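Notes follow once the structure below has been shown.
Since this is a predicted model, take the numbers as computed values, not measurements.
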Amino acid sequence: MVRREVWSTAETEVLARTLLRAPSVHNTQPWLLEFEGDRLLLVERRDLSLPEHDPLGHDRVISCGAALANLEIAIRVLGYEPRTETFPEPGRPDVVASLAPGERTLPSAADLHRYSAIERRRSYRRRFSGRPVTRQRIGDLVVTAASAGVEAKPILDELELTRVAELLEFAAEAHQHDHGYQRELALWTIRDEVSHRHGVGLSATAVPPGSLPWAGLVRPSTALPDSAVLTRRLAEETLLVFLTLDDTRHDHLAAGHALQTTWLDAVDGGLVGSVLTQPLHLPEVRSTLCEDLELAGFPQALMRFGYPSGAVPASPRRAVEEVLGHGF
C-alpha cells in the first residue's frame, strides 16, 4: 500500500472538479470533501434539504453515491486504486464514505472512458431523437449496474409500460396540485440565468414546458398527457428502474453509485439520459410499481436513456472552494 500524507494542489483540483460534475437532486450538490492526511471524507450536507420533494433524504444520499462514483474514477485516473469505506464513522453519520489511495496502478480503459464522460454528462430533459437503443446496448447498461451491486431492470413490455405511464400520470397530478412541492420547486429554479452566480439549482430553460415524461418535473403550467399518450412516449425511450435489496442509507448510496456509473457508460456510448425519482416518493406509486411489475427489490430511481436530438448546456456548478471542507 502507498502511504500519502497530502494530495498535491493539482490532484486536489482534479478531485474537487470531478466531484462537482456529479448529478444531484435539484442540482443542490449536497456534499463537502474533507481531508485527513491522504484520506478523503465525502460528507453529506444535510443543511441542503428538500422537505417537500425528498423528506427522508433518500435522493440526497443517492446524489452522494453518484459523487462517490466520480471520486473513485478520479483516484484511479490519478494512478491509485481507491480504498473505499462507506459510512466509516458511527459518530458522524454525515460522513457517507472515506477514500484513500491504495496501490499504484494504471487506470483501465473503462476508467479513462468514464472519466472523459464525466464532463460530457448532462441531465437530458428533452425528447430523444427517436433512434432506438439496441437490446445489446441495454444489456450492457444492465451489466454495468449489476457490477456495482444494483439491479437495473429494463421496462420493455407493453403492459409494464402502460402501468408505469398510469403511475407517472397519477404522480404528476399529485405533484401539480401540491402547493408546498410547487413552492419548493420554484425556489430551486433559476429564473435569472444570465446574472445567476450561485452555482446551484435547476435552469428554467433546461426544463421544457409540457415535457412529461422527459423532464419529470411537474409545474402548474405543465400540460399532462393522458396515460395512452404517455405510454407511446415511453415506448420510444429506454427506461430502466434501479433496484436495491433493502431500503437503507447504504442501499441509497449504492443506487447512486450504480446509477452514475451506468450513466457514464451510456454517455461514452453516445447516449444521453435523465433521472426520475419524484414519483417514487409517493408511497402508493412505489408500492404499486413493485406489485404490478413484480420487482424483487426496492425501486430507487427511474432512468431514461436515448440518443440526443440536440445539445443541452451544462448545469451551473459551485466553485471548487465551496466544496472543500476542513483539512485542506
Side-chain angles (χ1 to χ4, degrees), residues 1-24 29-45 61-121 144-150 249-265 267-268 317-328:
M1 181 183 72
V2 177
R3 178 68 182 175
R4 294 179 51 100
E5 293 304 322
V6 293
W7 296 89
S8 71
T9 301
E11 289 171 331
T12 300
E13 182 87 4
V14 168
L15 292 165
R17 291 196 179 279
T18 303
L19 169 67
L20 282 169
R21 291 306 312 167
S24 59
Q29 300 159 59
W31 45 63
L32 290 172
L33 191 61
E34 296 183 358
F35 292 76
E36 289 186 353
D38 66 338
R39 192 165 166 251
L40 306 174
L41 300 181
L42 179 60
V43 180
E44 174 192 4
R45 284 191 59 178
V61 180
I62 288 174
S63 302
C64 288
L68 175 60
N70 275 17
L71 284 173
E72 289 183 336
I73 292 167
I75 291 173
R76 290 192 180 99
V77 168
L78 290 172
Y80 298 93
E81 182 60 32
R83 294 184 291 113
T84 302
E85 186 179 358
T86 58
F87 300 100
E89 301 187 10
R92 286 195 63 187
D94 59 328
V95 178
V96 298
S98 69
L99 304 96
E103 296 294 335
R104 268 289 192 182
T105 183
L106 291 174
S108 68
D111 294 325
L112 294 173
H113 281 274
R114 287 170 182 166
Y115 183 75
S116 173
I118 286 173
E119 185 64 30
R120 293 181 282 124
R121 185 211 58 80
T144 296
S147 67
V150 172
R249 282 167 58 81
H250 288 270
D251 295 287
H252 305 151
L253 193 72
H257 189 289
L259 187 150
Q260 173 67 348
T261 305
T262 305
W263 200 344
L264 294 177
D265 279 5
V267 170
D268 184 60
R317 285 297 185 267
R318 299 183 189 275
V320 166
E321 55 269 19
E322 291 184 71
V323 298
L324 297 178
H326 68 75
F328 172 69

Contacts of Ser108 that satisfy side chain to side chain donor-acceptor pair (under 3.5 Å) - sequence neighbours left out = Asp111

Val320 vs Thr12 side-chain heavy atoms within contact, under 4.5 Å | no

Does Glu322 come within less than 4.0 Å of Arg45, counting only side-chain N to carboxylate O?
-> no

Mind checking what makes salt bridge (Lys or Arg N to Asp or Glu O under 4.0 Å) contact with Asp251, not counting sequence neighbours?
-> none

Any residue meeting ring pair (Phe, Tyr, Trp, His ring centres under 6.0 Å) with His250, in chain and number order, not counting sequence neighbours | Phe87

What pairs with Asp265 under side chain to side chain donor-acceptor pair (under 3.5 Å), at least two apart in sequence or on another chain?
-> Arg114, Thr144

What residues, two or more places apart in sequence or in another chain, satisfy side-chain contact (heavy atoms from CB on, under 4.5 Å) together with Ala258?
-> Ala148, Val150

If you take all heavy atoms of Val323 and Arg318, which pair is closest and at what distance?
-> CG1-CD, 4.2 Å

State the CG-CG distance between Leu15 and Leu78, to the nearest 0.5 angstrom.
-> 5.5 Å

Any side-chain heavy atom of Tyr115 within less than 4.5 Å of one from Pro107?
-> no

Which residues pass the side-chain contact (heavy atoms from CB on, under 4.5 Å) test with Pro88, sequence neighbours left out?
-> Arg39, Glu85, Val95, Ser98

Salt bridge (Lys or Arg N to Asp or Glu O under 4.0 Å) partners for Arg249, two or more places apart | Glu44

Listed partners of Ala146 passing side-chain contact (heavy atoms from CB on, under 4.5 Å), at least two apart | none

Hits for side-chain contact (heavy atoms from CB on, under 4.5 Å) against Ser116, two or more places apart or cross-chain, chain-then-number order -> Arg120

In residues 64-75, what donor-acceptor pairs under 3.5 Å come from side-chain atoms, sequence neighbours left out?
from, atom 1, to, atom 2, distance (Å)
Asn70, OD1, Gln260, NE2, 2.8
Asn70, ND2, Thr18, O, 2.9
Glu72, OE1, His257, NE2, 2.7
Glu72, OE2, Thr84, OG1, 2.7

Steps toward side-chain contact (heavy atoms from CB on, under 4.5 Å) verdict (Trp31, Val43) = CA-CA 5 Å; Trp31 45 63; Val43 180; over 6 Å; no

Separation between CG of Leu33 and CG of Leu42, rounded to the nearest 0.5 Å | 7.0 Å

How would you list, by chain and number, every residue that makes a side chain to side chain donor-acceptor pair (under 3.5 Å) with Arg21, sequence neighbours excluded?
-> none

Do Arg104 and Tyr80 have side-chain heavy atoms sitting under 4.5 Å apart?
-> yes

Closest non-hydrogen contact found for Gln29 with Leu20 is OE1-CD2, 3.6 Å

Please identify each residue that fulfils side chain to side chain donor-acceptor pair (under 3.5 Å) with Glu13, with sequence neighbours left out.
-> Arg17

